[in-house]
Amino acid sequence: MDFDLTAAERDFRDEVRTWLEEHLVGEFAGLRGRGGMGQEDIPAEQQIAWERELATGSWLGIDFPSHLGGRECSLSEQVLFHQTYVEARAPGRLPNLGVTLLGPTLVAYGTPEQQERFVPPILSGDEFWCQGYSEPNAGSDLANVGAKAVLDGDRWVVNGQKIWTSLAQYSDWCFVVCRTDPDSARHAGLSYLLVPMAQPGIEIRPIVQVTGGTEFNEVFFGDAVTDADLVVGQPGRGWEVAMGTLAFERGASTLGQQTYFRQELDALLAEARDNGCADDPVVRQELAQAYATLEVMRYNNLRMLTVVDAGGVPGPEMSIGKLVWSNWHRSLGELMVQVRGADGMAVAAEDDEEYTLDSWQRTFLYSRAHTIYAGSNEIQRNIIGERVLGLPREPR
């Protein structure tokens, strides 16, 4: 992949930068530099409003087909958008799963009717989605799904529980993996359903995290219903679609993520210089290791994007990337507290008020989740061991 910008790509980058400067004003002016990975200093309602503002510039669907409301940007332009967005210190994005997961899945696996019905409202910011995958007994072992759906006339009736459902309380729809063949086991007999959230058969219970936020939720389906034609792919063959969705989790946004990480590391380096921690040889070594690993991550992501740009499908780069960045960010959070010293363990609170975490403390606490969600460390190591190194499969 050629990373020297063409004149057209430089113009595109300038367009992104100019648009952000013109729209990060008014109600959005105070959001600059806030949010970001693991940060909860922007109310979800404001983040949703910002997503809708981005939609006015057609920035939600930069990689979607034009007939569905997208921009059909090249891979280089997608990378430039995400990098420029972070460099402009635009607010951290909420997990808009309709844009990042469900929309691409419908383009790849959905019927034309499903694409026309759901993709335009996703790209306009009018409908938000959550993901119904994990269950108490089906997390990393997703094939152990127990939620069930039965076709009753012209609708599916869904019963079961999902957990770790991000922003379910703000979502209009949920894409749900459930078992539609009662005699099936493991990967067979699963279906991928699109279920409306605003109905009596759905109960949402927020999960309060150690950071005080409630991004994650439990969702209970009790005779919840959806139309019979709102199954993506063939009934009973939802595993293929579900795995296709997961393949969209890591892509052009990875270099934007690296840019955000670099901003965090630069701030940590400045703090270490200011308070004298940089003179400690152990801290200096850890800071140097953090910098070196971040560079390795960047080159690994460039390698992955080169494969994609050439029309290929990334292989081990994806699992390697997830394993490395999740552990790196967790270690960075630990290093943030270490550099702060005793102050890093203290929180601000007024009388009779709940304590308030600063951004580094939130990173320290929230980053533990990175090694679990989107494929835990153990799962990623199994993939690398079995599919990359050719080691024997883990005993079942």
Side-chain angles (χ1 to χ4, degrees), residues 1-25 28 31-37 39 42 47-105 107 119-120 122-125 128-129 247-264 297-311 314 318 321 325:
M1 185 174 182
D2 184 1
F3 294 99
D4 291 329
L5 299 186
T6 65
E9 288 169 343
R10 287 194 294 270
D11 290 343
F12 178 81
R13 181 186 59 188
D14 292 342
E15 179 190 355
V16 175
R17 185 179 293 122
T18 300
W19 190 94
L20 290 170
E21 290 297 329
E22 291 176 348
H23 289 259
L24 280 170
V25 296
F28 303 119
L31 303 184
R32 190 186 291 270
R34 295 172 58 193
M37 184 173 290
Q39 306 302 318
I42 303 177
Q47 288 184 302
I48 291 173
W50 175 243
E51 289 291 299
R52 291 181 175 136
E53 185 71 12
L54 286 170
T56 65
S58 298
W59 297 117
L60 294 188
I62 57 175
D63 57 335
F64 281 78
S66 58
H67 74 275
L68 294 175
R71 278 178 169 252
E72 293 190 9
C73 289
S74 67
L75 179 60
S76 295
E77 289 174 331
Q78 295 171 47
V79 171
L80 280 172
F81 171 78
H82 291 292
Q83 281 190 300
T84 305
Y85 184 93
V86 176
E87 290 169 354
R89 301 189 67 78
R93 304 277 300 277
L94 90 171
N96 193 335
L97 302 187
V99 171
T100 59
L101 296 183
L102 192 275
T105 300
V107 172
V119 175
I122 287 172
L123 300 188
S124 65
F128 286 84
W129 288 75
F248 295 115
E249 281 192 307
R250 304 163 199 131
S253 64
T254 54
L255 288 184
Q257 181 192 67
Q258 301 297 305
T259 303
Y260 175 75
F261 286 165
R262 183 58 185 268
Q263 290 174 348
E264 286 189 308
M297 289 159 52
R298 184 169 72 90
Y299 283 112
N300 183 66
N301 282 321
L302 291 174
R303 178 175 61 168
M304 179 189 70
L305 291 172
T306 299
V307 172
V308 174
D309 191 54
M318 297 181 71
W325 80 251

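No experiment lies behind these values; they were computed from the predicted model shown.
Glu21 places no side-chain N or O within 3.5 Å of a backbone atom of Thr18 that could act as its donor or acceptor partner. Distance alone, capped at 3.5 Å, places no donor-acceptor pair between the Tyr85 side chain and the Gly92 backbone. In terms of modelled atom types and a separation under 3.5 Å, the side chain of Arg10 and the main chain of Leu5 share a donor-acceptor contact. In this structure a side-chain-to-backbone donor-acceptor pair under 3.5 Å is missing from Arg34 to Ala90. Panel note: side chain Arg13, backbone Thr84; no donor-acceptor pair is recorded below 3.5 Å. Judged by distance alone, the side chain of Gln83 and the main-chain N or O of Thr259 form no donor-acceptor pair under 3.5 Å. The backbone N or O of Trp325 lies less than 3.5 Å from no partner atom in the side chain of Gln257, so there is not a single donor-acceptor pair. Judged by distance alone, the side chain of Thr56 and the main-chain N or O of Glu53 form a donor-acceptor pair under 3.5 Å.
Looking at Glu22 and Arg17, no side-chain N of the basic residue comes within less than 4.0 Å of a carboxylate O on the acidic one, giving no salt bridge.
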Begin from the C-alpha positions of Arg32 and Glu87 and carry the test salt bridge (charged side-chain N to carboxylate O under 4.0 Å, His left out) through to its verdict. CA-CA 11 Å; Arg32 190 186 291 270; Glu87 290 169 354; over 6 Å; no
Apply the test side-chain contact (heavy atoms from CB on, under 4.5 Å) to residues Phe28 and His23: give CA-CA distance (whole Å), side-chain angles for both, the deciding distance (0.1 Å), then the verdict. CA-CA 7 Å; Phe28 303 119; His23 289 259; 5.9 Å; no
side-chain contact (heavy atoms from CB on, under 4.5 Å) assessment of Glu51 paired with Leu54: CA-CA 5 Å; Glu51 289 291 299; Leu54 286 170; 3.9 Å; yes
Report the C-alpha separation of Glu77 and Ile62 in whole Å, then their side-chain angles, then the decisive distance to 0.1 Å, and conclude whether the side-chain contact (heavy atoms from CB on, under 4.5 Å) test is met. CA-CA 8 Å; Glu77 289 174 331; Ile62 57 175; over 6 Å; no
Intermediate values then yes/no, side-chain contact (heavy atoms from CB on, under 4.5 Å), Leu68 and Val107: CA-CA 9 Å; Leu68 294 175; Val107 172; 4.1 Å; yes
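Pairing each heavy atom of Thr100 with each of Leu97, the nearest pair is OG1-CA, 3.5 Å. Of all heavy-atom pairs spanning Gly125 and Leu60, the tightest one is N-CD1, 4.0 Å. Shown here for Phe64 and Pro104, the closest heavy-atom pair between the two residues is CZ-CD, 3.6 Å. The nearest pair of heavy atoms linking Gln263 to Val86 is NE2-O, 3.0 Å.
To the nearest 0.5 angstrom, Ser76 atom OG is 10.5 Å from Phe12 atom CZ. Rounding to the nearest 0.5 Å places OG of Ser66 at 4.0 Å from CD of Glu72. Expressed to the nearest 0.5 Å, how far CD1 of Ile122 lies from CG of Asn96 amounts to 8.0 Å. Between atom CD1 of residue Ile42 and atom CG of residue Leu31 there is a gap of 4.5 Å, rounded to the nearest 0.5 Å. Residue Gln258 holds its CD atom at 12.0 Å from OH of Tyr299, rounded to the nearest 0.5 Å. Gln78 CD to His82 NE2: the interatomic distance, rounded to the nearest 0.5 Å, is 6.5 Å.
Side-chain contact between Leu80 and Val16 is absent, with no heavy atoms from C-beta onward closer than 4.5 Å.
At a cut-off of 3.5 Å, with distance as the only test, no side-chain donor of Asn301 or Arg298 sits close to an acceptor on the other residue.
Between Trp59 and Trp19, the ring planes lie perpendicular to each other; the angle is over 60°, past the 30° to 60° tilted range.
A cation-pi arrangement is absent between Arg93 and Trp50 under the rule of less than 6.0 angstrom and at most 45 degrees off the ring axis.
Residues satisfying the side-chain hydrogen bond (donor to acceptor under 3.5 Å, both in side chains) test with Asp63, not counting sequence neighbours, are none.
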